[in-house]
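Only this structure's heavy atoms are used, side chains among them; waters, hydrogens and symmetry mates stay out. What you see is a predicted model; the values in this text were computed from it and never measured.
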Amino acid sequence: MAIEGFHPSFVFLIGAVVATFTRGTLRSVVMVATPIISFACLRGLPLGDSFVVEIAQWTLTFSHRDELSWIFGLLFHLAALLAVIYSLHTRNRMEQVSALVYAASAIGAVLAGDFLTLFIWWEMLALSSTFVVFAGHQRRSMATGLRYFAFQIVSGLCLLTGILLYSNSGMSLELGRLDLATPGTMWILLAFGIKAGFPLVHSWIVDTYPAASATGTVFLCAFTTKTAVYALARCFPGTEELITIGVVMTCFPIFYAIIENDLRKVLSYSMINQIGFMVVGIGIGTELAINGAVAHAFNEVLFKGLLFMSMGAVLHVTGKSRGTDLGGLWKKMPWTTGLCIVGAASISAVPLFSSFVSKSMVMAAAMEQGHTWLWLLLLFASAGVLEHAGIKIPYFAFFARDRGLEASEPPRNMLLAMSLAALLCILIGCRPDLLYSMLPYEVSFEPFTTTHVLTQIQLLLFASMAVVVLMKTGIYPPELVKENLDVDVIPRLGGRALLRWLRGTFARVTTRLSVMVLDRIPAAIAGPRGPGQLQMSLQWRLVLPGLLLVVALLAFLIANLYG
Amino acid sequence: MNDFKLRRLKTGTLLFAIGCVVALLLDAAIDRHLDTEMEGIFGFYCLFGFFAIVVLVILSRVLRRIVAREEHFYGD
């Protein structure tokens with residue numbers, strides 16, 4: 001079925017409006033119907049450009065359909081449907097409505113045909129996803145949401161700066177391949193990099209995903225980072241710098257994942273590791289590598305979604321997500337345990353599960369291009385994935401020591417969403433041609449060779465053996481309730497120091513200045529008045545310099561636009 | 001741990017060990033496709049998998065010493 005002449009994102013936006021004003025079963029129906037109707041509209045989009053809007057001298061292309069945007073569009077519809085089903089039992093209106101807007105933005109971004117349209121959806125993506133975080137209603141959701149928002153806004157500003165510089169150098173704003181030598185492209189790469197979780201700007205991922213609600217995280221883990229992966233694949237294929245960045249992303253999180261106690265945080269580090277494989281593929285840039293990156297993005301949304309869903313189910317039922325609090329749940333939650341193990345097998349690239357047919361494409365491409373060291377590091381990272389996502393997650397949640405927690409299977413809608421995701425993981429793992437036929441380039445890669453199957457089984461078996469040996473000998477680090485510092489320690493502690501300074505020295509100086517400007521000078525002009533008439537509150541005295549700064553920045557931007 | 005559980009655990013461990021040995025021996029039986037010279041080493045992937053995890057775990061212990069702080073480090 002295909003509906004022509006209607007943009008998929010607008011279906012989601014309409015769905016969000018309707019969901020705002022409905023409740024109960026009716027809202028559930030709207031939530032489920034939205035991605036299905038929207039998918040019909042996606043199918044109805046013509047190849048090439050459509051929904052072109054002219055505003056002043058700018059042309060906004062809201063739909064550019066080709067193989068790359070199609071597969072990401074399909075993926076986001078699938079992710080939205082699964083996440084919606086997973087969250088049907090909740091009555092959290094703010095989360096559900098903002099999640100629909102969030103999905104609309106992600107789909108809009110991958111369909112955008114030019115940089116300005118991309119920017120519009122990029123900002124909507126930032127705003128709507130922040131509300132999904134806020135809707136977590138946990139003690140820390142508000143503070144985490146604000147930190148998350150700061151990262152997303154900086155990404156948006158970088159994109160805007162990049163677009164301005166890029167168009168100033170006389171380039172067309174059509175979305176396409178960029179060369180790092182052109183002015184502004186570094187800013188655009190940084191904007192994409194922040195959303196993709198490049199090293200040093202990755203901390204928002206591990207900060208936010210464990211803080212959102214059980215259902216919110218399932219939405220969050222699907223869209224933002226994969227939109228960035230799409231944008232990188234669209235604009236920076238074959239950019240060699242991405243190989244180095246990507247391989248760092250695959251390797252450093254696996255160390256953190258071992259010592260991290262919160263299992264949803266382990267999955268967040270694992271996500272950076274998986275995106276690393278995609279970034280490497282995009283950096284290599286050959287047809288095989290790009291196909292591998294895109295296929296892996298597709299699979300990752302499904303298996304990481306499944307793992308986040310299973311940990312979300314555990315959180316929903318027990319209220320806990322830390323390794324030190326969990327254990328022995330398999331007897332009480334056998335279905336969830338089984339589904340989690342399917343996700344774990346998929347991410348670990350066990351033959352006949354999804355990652356086996358996609359990650360290997362990136363690794364084969366690395367080998368084909370003669371990057372032996374790169375290949376070795378990716379192999380190392382693959383072993384690490386097995387350890388933290390394949391063994392640690394199911395082991396500490398469902399086996400290990402039985403903590404005697406009260407638990408039962410989660411609501412049926414949660415089980416249904418997990419089962420669908422698990423089925424897709426197995427289906428793609430057994431019938432990779434279904435996925436391969438949708439990739440941007442023709443695929444001649446054969447995943448099920450004797451060598452590949454045997455070597456992968458050897459790697460997995462002996463890596464598992466190492467984990468068992470290290471656990472039995474007590475070398476494996478025990479689960480501890482600790483805060484593991486990451487690079488965000490610098491802005492977080494720095495921010496506090498800045499705040500102290502603002503409240504101290506800075507406040508004294510600005511107070512004195514504003515007393516002079518706002519009290520003494522007018523008083524001198526208008527003559528003496530009664531006390532307190534022009535007194536300003538301390539807040540205003542702090543805000544005023546900030547406002548001045550914003551005005552100055554705006555003036556700078558306008559001068560840049562018309563200069 | 002009761003007898004039944006212990007027996008099951010022992011069977012599991014035994015099966016796992018047999019699997020590992022078979023996988024290693026298959027290396028000699030099957031002529032693998034090689035892209036690099038080092039892949040030709042007998043049991044390359046077995047050795048790599050095992051020692052990758054050993055190195056990973058030992059280094060992460062070091063990492064924990066450097067980055068681990070008390071739970072409410074950020075005061076929330």
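Between chain B and the residues A/Val468, A/Leu461, A/Leu459, A/Thr455, the most heavy-atom pairs under 4.5 angstrom are made by A/Thr455. Interface check for chain B: of the options A/Thr372, A/Ile457, A/Leu454, A/Thr450, the most heavy-atom pairs under 4.5 Å are formed by A/Leu454. Looking only at heavy-atom pairs under 4.5 Å with chain A, the residue among B/Gly19, B/Cys20, B/Ala23 that has the most is B/Cys20. For the set A/Ile254, A/Leu376, A/Asn261, the count of heavy-atom pairs under 4.5 angstrom toward chain B peaks at A/Leu376. With chain B as partner, the option from A/Leu460, A/Val467, A/Leu480, A/Val469 having the largest number of non-hydrogen pairs under 4.5 angstrom is A/Leu480.
A/Gly384 and B/Leu56 get closest at one heavy-atom pair: CA-CD2, 3.6 Å. When all heavy atoms of A/Phe380 and B/Ala52 are compared, the closest pair comes out as CE1-O, 3.4 Å. For A/Phe255 against B/Leu59, the heavy-atom pair with the smallest separation is CE2-CB, 3.5 Å.
Separating the CE atom in A/Met465 from the CG atom in B/Leu24 is a distance of 8.5 Å, to the nearest 0.5 Å. Distance check: B/Glu39 CD to A/Thr451 OG1 gives 8.5 Å after rounding to the nearest 0.5 Å. We find the CD-CD1 distance between A/Glu387 and B/Ile53 to be 5.5 Å, quoted to the nearest 0.5 Å. Expressed to the nearest 0.5 Å, how far CD of A/Glu483 lies from CD of B/Glu70 amounts to 9.0 Å. How far CD1 of B/Ile58 is from CG of A/Leu470: 7.0 Å, rounded to the nearest 0.5 Å. Rounding to the nearest 0.5 Å places OG of A/Ser382 at 10.0 Å from OH of B/Tyr45.
Under the 3.5 Å distance criterion, the side-chain polar atoms of B/Ser60 are left unmatched by any main-chain donor or acceptor of A/Ile259. With A/Gln458 contributing its side chain and B/Cys46 its backbone, the two residues share no donor-acceptor pair below 3.5 Å. B/Arg64 places no side-chain N or O within 3.5 Å of a backbone atom of A/Pro477 that could act as its donor or acceptor partner.
In this structure, B/Phe44 and A/Trp375 have parallel ring planes: the angle between them is below the 30° cut-off, well short of the 60° mark.
Interface residue B/Leu26: backbone and side-chain heavy atoms are both found under 4.5 Å from chain A. Interface residue A/Ser464: backbone and side-chain heavy atoms are both found under 4.5 Å from chain B. Of the atoms belonging to A/Asp262, not a single heavy atom falls under 4.5 Å from chain B. Contacts between A/Leu379 and chain B at a heavy-atom distance below 4.5 Å involve backbone atoms as well as side-chain atoms.
Using a 4.0 Å cut-off between charged nitrogen and carboxylate oxygen, B/Glu71 and A/Arg322 count as a salt-bridge pair.
Taking 4.5 Å as the limit, some side-chain heavy atom of A/Met367 sits within range of a side-chain heavy atom of B/Thr36.
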Would B/Phe73 and A/Leu485 count as a side-chain contact (heavy atoms from CB on, under 4.5 Å) if you check the C-alpha gap in whole Å, the side-chain angles of each, and the deciding distance to 0.1 Å?
-> CA-CA 9 Å; B/Phe73 177 77; A/Leu485 302 186; 3.5 Å; yes

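A 6.0 Å sphere centred on CD of A/Glu446 holds more than 12 heavy atoms belonging to other residues, nucleotides or ligands. Atom CZ of A/Phe399 is surrounded by more than 12 heavy atoms from other residues, nucleotides or ligands within 6.0 Å.
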